[in-house]
Amino acid sequence: MSAPDTSAGKTHRLGDRVFSSIATASGAFVVALIAAIAIFLLIRAVPSLQVNEVNFLFSREWDTRDPNNLKFGILDLAWVTVASSLVALIIAMPLSCGIALFLTRYAPRSLARPFAYIVDLLAAVPSVVYGLWGFLVLGPVLRPVALWLNEYLGWIPIFAEGNVRPMGLGTDIFTAGIVLAVMIIPTITGVTREVFSRTPNQQIEGALALGATQWEVVRTTVWPFGRNGFIGGSMLGLGRALGETMALTIILSSTTAPPGYSIFDAGATFASKIALGSAEFNNNMQVGAYISAGLVLFIITFAVNAIARWIESASGKGKA
């Protein structure tokens with residue numbers, strides 16, 4: 001029997017050709033789908049942007065009730081979206097890193113596996129449940145913390161009183177950020193745990209042979225190897241937080257007053273603004289205003305995920 005022709009690194013087996021074609025078509029389909037979404041958003045947004053009577057990027061006004069007199073800007077939407085996501089990231093990153101280290105380096109195997117399943121199950125809880133939990137349960141519990149921060153750190157603008165009265169009702173960016181942190185912990189932990197578990201055993205055993213403690217092993221081998229993967233996972237979690245809709249709609253929609261750029265503000269994110277404005281989706285120009293906000297969110301999320309993939313790719317090349 002003659003062997004298949006594998007010249008130039010290629011094979012002519014029918015199964016390999018079919019598999020290669022399917023894989024290539026799948027990848028091309030995903031790229032085409034993303035491009036089609038971007039083109040759709042751009043085509044639907046441009047007409048409304050052309051008749052917008054205020055600066056789209058820097059105006060705080062949003063009034064789309066009259067299709068012939070559109071005034072919509074995203075400055076406040078961007079603030080609430082970015083602020084709530086950053087609060088979530090600041091809280092979730094150290095917690096996720098600690099959980100990943102515990103599961104990979106400290107917990108016995110009999111405990112690590114079920115504990116990892118429990119953490120992963122957090123991602124299966126519907127966002128509307130998180131929103132109700134944050135509004136009804138977490139908000140009242142956090143009120144003393146919010147009042148303390150405002151009393152002692154209120155001289156810092158970000159901790160000043162917001163547009164929610166009375167303060168500390170749990171319907172602000174502070175509460176929303178903590179809820180988002182719980183929601184993105186499974187994403188960051190999952191990526192980080194996988195990267196930490198791939199630390200070469202030779203490096204770990206070498207450090208232990210030299211008398212290193214468990215913490216020294218983590219500091220000198222596990223963390224340097226998995227640092228970029230942890231950052232990449234955090235960026236993926238940030239992308240998840242930026243696009244959250246229902247939980248933030250429930251928590252932050254208690255007021256229509258403009259925010260004062262404090263973490264104790266309420267308001268609307270890009271996603272929640274689109275959800276709340278669905279009643280106006282009966283006119284192409286009004287719809288275009290909301291699609292314009294969606295286009296900005298699409299670009300931000302795409303950029304964040306691209307940065308995460310680039311960081312992970314750079315990490316992989318560095319370990320090669």
Side-chain angles (χ1 to χ4, degrees), residues 81-108 111-123 125 127 130 133-134 137-139 141-142 144-146 148-149 152-153 156 158-159 170 172-199 204 212-244 247-248 251 262-264 304-305 307-312 314-315:
T81 301
V82 173
S84 57
S85 298
L86 288 180
V87 170
L89 202 63
I90 291 171
I91 296 171
M93 285 181 68
L95 288 176
S96 299
C97 183
I99 293 171
L101 286 174
F102 171 74
L103 293 176
T104 55
R105 299 305 311 159
Y106 291 94
L111 177 63
R113 188 179 297 273
F115 193 84
Y117 289 152
I118 293 174
V119 174
D120 292 340
L121 280 175
L122 289 175
V125 178
S127 59
Y130 277 117
W133 169 68
V137 179
L138 186 62
V141 172
L142 291 176
V145 179
W148 184 90
L149 288 172
Y152 292 100
L153 299 176
I156 303 174
I158 199 171
F159 294 110
D172 49 34
I173 292 173
F174 178 61
T175 304
I178 295 176
V179 172
L180 278 179
V182 177
M183 297 177 71
I184 67 176
I185 278 176
T187 300
I188 304 176
T189 301
V191 175
T192 307
R193 184 178 72 238
E194 184 66 22
V195 174
F196 285 171
S197 65
R198 293 180 179 274
T199 305
I204 296 175
T213 63
Q214 189 69 269
W215 162 243
E216 289 171 334
V217 169
V218 169
R219 183 170 58 86
T220 59
T221 61
V222 177
W223 174 248
F225 181 85
R227 178 175 56 244
N228 286 351
F230 168 63
I231 296 173
S234 300
M235 292 299 100
L236 292 176
L238 176 60
R240 167 75 173 85
L242 289 169
E244 177 52 39
L248 299 189
I251 296 173
S262 162
I263 63 170
F264 302 117
V304 168
N305 282 275
I307 292 172
R309 295 301 181 186
W310 176 79
I311 291 173
E312 290 184 305
S315 175

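These numbers were taken from a predicted model, which means no experiment stands behind them.
Across Ala247 and Ser127, no two heavy atoms sit closer than the pair CB-O, 3.4 Å. Residues Ala100 and Thr192 approach most closely at CB-CG2, 3.6 Å, considering heavy atoms. Of all heavy-atom pairs between Gly134 and Val179, the closest is CA-CG2, 3.7 Å. Heavy-atom minimum distance, Gly229 versus Val191: O-CG1, 3.6 Å. When all heavy atoms of Val304 and Gly239 are compared, the pair lying nearest together is CG1-N, 3.8 Å. Here the closest heavy-atom approach between residue Arg227 and residue Pro224 is recorded as NH1-CA, 3.8 Å.
The CG atom of Leu149 sits 11.0 Å away from atom CD1 of Ile158, with the distance rounded to the nearest 0.5 Å. Rounding to the nearest 0.5 angstrom, the gap separating the OG1 atom in Thr189 from the CZ atom in Phe102 is 12.5 Å. Between atom OG1 of residue Thr220 and atom CD1 of residue Ile204 there is a gap of 9.5 Å, rounded to the nearest 0.5 Å. Taking CD1 of Ile184 as the start and CG of Leu95 as the end, the distance is 10.0 Å to the nearest 0.5 Å. Put simply, CG on Leu180 and CD1 on Ile185 are 11.0 Å apart, with the number rounded to the nearest 0.5 Å. The distance from the CD1 atom of Ile263 to the CG atom of Asp172 is 7.5 Å, given to the nearest 0.5 Å.
Side chains of Met235 and Leu89 form a contact here, defined as non-hydrogen atoms less than 4.5 Å apart. With a 4.5 Å cut-off on side-chain heavy atoms, Tyr106 and Gln214 count as touching. Residues Val125 and Tyr130 have side chains in contact (heavy-atom distance under 4.5 Å, counting atoms from C-beta outward). Residues Asp120 and Arg193 are in side-chain contact: their nearest non-hydrogen atoms beyond the backbone lie under 4.5 Å apart. Side-chain contact between Ile99 and Phe115 is present, with heavy atoms from C-beta onward closer than 4.5 Å.
Shown here are the side-chain hydrogen bond (donor to acceptor under 3.5 Å, both in side chains) partners of Ser84, two or more places apart in sequence or in another chain: there are none.
In this structure, Phe264 and Phe159 have tilted ring planes: the angle between them lies in the 30° to 60° band.
At least one donor-acceptor pair under 3.5 Å links the side chain of Ser197 to the backbone N or O of Glu194.
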TODO: Begin with the C-alpha distance, continue with both residues' side-chain angles, and end with the deciding distance and a verdict on side chain to side chain contact (heavy atoms under 4.5 Å, CB included) for Phe225 and Phe196.
DONE: CA-CA 7 Å; Phe225 181 85; Phe196 285 171; over 6 Å; no
